[in-house]
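Only one structure is covered here, and it is reproduced in the block below.
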Number of protein chains: 2
Amino acid sequence: MSQMPDFSVLAATCPSRTSLARIANKWTAMVVSVLGNNGLMRFGDLRTRLDGISGKVLTETLRDLERDGLVTRHVHAEIPPRVEYELTPLGFTLHAPLLALCTWAEEHITEVLASRERYDVRNG
Amino acid sequence: MSQMPDFSVLAATCPSRTSLARIANKWTAMVVSVLGNNGLMRFGDLRTRLDGISGKVLTETLRDLERDGLVTRHVHAEIPPRVEYELTPLGFTLHAPLLALCTWAEEHITEVLASRERYDVRNG
DNA sequence: CGGAATCCAGATGGATACTG
DNA sequence: CAGTATCCATCTGGATTCCG
């Protein structure tokens, strides 16, 4: 039978690590979660939903996701312009895992905050 | 019935976003994956396993994980010193989700690389 | 051995102004 | 509206050195 090359994110020069760096990222998790929940979304709506993100960072995040094949960009020839984004099938395979991270953060923040307080009291 | 406060990572000032920023991170994903697979591990072994990580970054990552209650640090009074790390029960709840991200990167890197090439040809 | 401290180059990210 | 371009402050992370 044919042999798949062995990729490991643990190897410093393995290309898979560059992909991990993109998906294991705060904004990526939020963008993929929101796009996965809502389907097609305009740039501006995405920006509003991801409270606090700057236009520059959202643009860069979306462009990187598009480059990796996780998001599709739809430009409409209208004035004013309308640009919409949606997950590709590949991107959608990340929706559940990344949404899980967002949900984890929300569900466990009370424990995390308590741990931080204990840690900060013990130390400086 | 009692009411849980609503936490949302989508809200810029919600503390859960600080927790998401910590867990949705390349090195966190790798550290938690490796610790979850191997149990108790020495600092040096972890450093060797996470090929390419600098001592400084590994120290900081582990300290932040410890502060958030995801990792425990065990210091042994020996010469030379031995320091071991392991996931807490809370940290272990992240093992499967974060390992899934590492595995995703390895399993889909071929598609991702192909997409990057197409993108780079179309654009500059 | 497992750090802490220091130094420093480069990446990141915000604010602002401008454009099709 | 959805960017792009520019400027600039901050953060990140590597390399090196030193210590218990």
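Letters A, B, ... are given to chains in the order of the sequence lines, protein chains preceding strands, and every chain is numbered from 1. Only heavy atoms go into these numbers, but all of them, side chains included; no hydrogens, no water, no symmetry mates.
- No side-chain donor-acceptor contact under 3.5 Å links B:Arg116 to the backbone of A:Asp68.
- Distance alone, capped at 3.5 Å, is enough to place a donor-acceptor pair between the A:Glu106 side chain and the B:Val9 backbone.
- Rounded to whole angstrom, the span from the CG atom of A:Leu58 across to the P atom of C:dT12 amounts to 16 Å.
- Taking atom CD on B:Glu66 and atom P on C:dG2, their separation rounds to 15 Å, with Å as the unit.
- Computed from coordinates, the B:Ile79 CD1 to C:dC1 P distance equals 13 Å when rounded to whole Å.
- When the side-chain nitrogen and oxygen atoms of A:Arg73 are compared with OP1 and OP2 of D:dG3, one or more of them lie within a distance under 4.0 Å.
- One hydrophobic cluster holds both B:Phe92 and B:Leu65 under the rule that ILVMFWY side chains link at heavy-atom gaps under 4.5 Å.
- When the P atom of D:dG13 is taken as reference, atom CH2 of B:Trp27 falls 9 Å away, rounded to whole Å.
- Within 4.0 Å (heavy atoms only), B:Arg47 reaches no atom of the nucleic acid at all.
- The B:Lys56 side chain lies nearest to D:dG13 when the options are D:dA2, C:dG13, D:dG13.
- Nucleotides of DNA chain C nearest to A:Ser54 and A:Pro80 differ in position, and the one nearer the 5' end is that of A:Ser54.
- Between the CG atom of A:Asp64 and the P atom of C:dG13 there is a distance of 11 Å, given to the nearest Å.
- Here C:dG20 is the nucleotide among C:dG3, C:dG2, C:dG20 with the atom lying nearest to any side-chain atom of A:Pro81.
- With C:dC1, D:dG3, D:dC1 as the choices, the nucleotide that has an atom nearest any side-chain atom of A:Arg42 turns out to be D:dC1.
- Spacing between atom CZ of A:Arg22 and atom C1' of C:dA11 amounts to 13 Å, rounded to whole angstrom units.
- Considering only side-chain N and O atoms, A:Arg82 lies nowhere under 4.0 angstrom from the phosphate OP1 or OP2 of D:dA2.
- For the pair B:Glu60 CD and D:dC11 C1', the interatomic distance rounds to 11 Å; values are reported in whole Å.
- The B:Val57 side chain lies nearest to D:dG14 when the options are C:dG2, D:dT4, D:dG14.
- Exactly one residue among B:His76, B:His74, B:Arg42 makes a side chain to side chain donor-acceptor pair (under 3.5 Å) with B:Glu84. That residue is B:His76.
- Counting to the nearest Å, the C1' atom of C:dT12 and the CD1 atom of A:Ile53 are 13 Å from each other.
- Residue A:Leu58 is grouped with residue A:Val32 when hydrophobic side chains (ILVMFWY) are merged at heavy-atom distances under 4.5 angstrom, including chains of intermediate members.
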